> 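Quick one: the structure is below, questions incoming.
These figures come from a predicted structure and were not determined experimentally. The figures that follow rest on heavy atoms only: side chains count, while hydrogens, waters and symmetry mates do not.
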Amino acid sequence: MARVGLTTDRLVRAGAELADEVGFEQVTASELARRFDVKVASLYSHVKNSQDLRTRIALFALEELADLAADAVAGRAGKDALAAFANVYRDYEHDHPGRAAAARMRLDPGAAAASAGVRHAQLTRAILRGYDLTEPDATHAVRLLGSVFHGYSSLESAGGFSHSAPDSEETWHRILDALDSLLRNWPTEPTS
């Protein structure tokens, strides 16, 4: 019988908070059970094991991040949409480092296809429509943007840019300017 007050949603949200506190890889059913002052077996009515818990946290983080990104880009186009979208990813990494790590978790193909990861790709492609990119260049651009947003935010959060001038905020704005310029002037022929 499930312990009163424990629900899958409550456990996943608590797991997401725990991930932000201790790191996503440190989240386990045992650690979460300690947070609720229950035995691990009490969680098994809601999650199968620690891997299932981490997968559910990843799905939660993807959904939360997609909702934030959709709200940020609504009614925007071009560089304004690009910057709003990028800032959501950067802010999420700073505010929720464990959840951001969860959102990058490799999911099995079925879970990935049913996740909000699909919405992330759709939002990115919607932004790119303002730059008139066709396939396969649109896919290349989606990958480039994801790499830059996640990479820069991860390095910045880890303190990678805190040791020298200029300030990372200035660099971030320069990167967004450069991305906008690149997207408006995307190379038409691949280089070898």
> Can you confirm whether more than 12 heavy atoms, excluding those of Arg143, are under 6.0 Å from its CZ atom?
no
> Under the side-chain contact (heavy atoms from CB on, under 4.5 Å) rule, what do Leu6 and Leu43 come out as? Steps first, then yes or no, please.
CA-CA 8 Å; Leu6 290 182; Leu43 304 185; 4.1 Å; yes
> side-chain contact (heavy atoms from CB on, under 4.5 Å) between Leu145 and Leu183: does it pass, once the steps are laid out?
CA-CA 10 Å; Leu145 294 178; Leu183 292 170; 4.3 Å; yes
> Is it true that Thr139 and Arg125 share a donor-acceptor pair across their side chains at a distance under 3.5 Å?
yes
> With side chains defined as the heavy atoms from C-beta onward, is the minimum distance between Leu107 and Leu59 less than 4.5 Å?
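Yes, close enough: below the 4.5 Å cut-off.
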> So with a 6.0 Å cut-off around CZ of Arg104, is the heavy-atom count from everything else above 12?
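Check passes, neighbour count above 12.
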> Taking the six-membered ring for Trp and the single ring otherwise, decide whether the centroids of Tyr89 and Tyr152 are under 6.0 Å apart.
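Between Tyr152 and Tyr89, which both carry aromatic rings, the centre distance is not below 6.0 Å.
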> Is any side-chain N of the basic residue among Arg13 and Glu17 closer than 4.0 Å to the acidic one's carboxylate O?
no
> Starting at OG1 of Thr28, measure out to CZ of Arg54 and round the result to the nearest 0.5 Å.
7.5 Å
> Between CZ of Arg184 and CG of Leu179, what distance do you get to the nearest 0.5 Å?
11.0 Å
> Measure the CE-OG distance between Met105 and Ser115 for me, rounded to the nearest 0.5 Å.
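Interatomic distance, Met105 CE to Ser115 OG, rounded to 0.5 Å: 11.0 Å.
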> State the CG-CG distance between Leu123 and Leu68, to the nearest 0.5 angstrom.
11.0 Å
> Measuring from atom NZ of Lys48 to atom CZ of Arg56, what distance do you get when rounded to the nearest 0.5 angstrom?
7.5 Å
> Are any side-chain N or O atoms of Arg10 and backbone N or O atoms of Gly5, one a donor and one an acceptor, separated by less than 3.5 Å?
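Present.
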> Which atom names give the shortest non-hydrogen contact between Leu82 and Tyr131, and what distance separates them?
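Shortest heavy-atom separation between Leu82 and Tyr131 comes out as CD2-OH, 3.8 Å.
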> Does Ala178 offer a backbone N or O that forms a donor-acceptor pair with the side chain of Ser181 under 3.5 Å?
no
> Going from CG on Asp137 to CG on Asp132, what distance comes out if it is rounded to the nearest 0.5 angstrom?
12.0 Å
> Does any non-hydrogen side-chain atom of Asp67 lie less than 4.5 Å from one of Arg119?
yes
> Is the shortest distance from a Lys or Arg side-chain nitrogen in Arg34 or Glu31 to a carboxylate oxygen in the other one below 4.0 Å?
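The answer is yes: the pair qualifies as a salt bridge.
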> Do you know which two heavy atoms are closest between Leu53 and Ala29, and how far apart they sit?
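So the two residues come closest at CD2-N, 4.1 Å.
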> Do Trp186 and His140 touch side chain to side chain, with heavy atoms closer than 4.5 Å?
yes
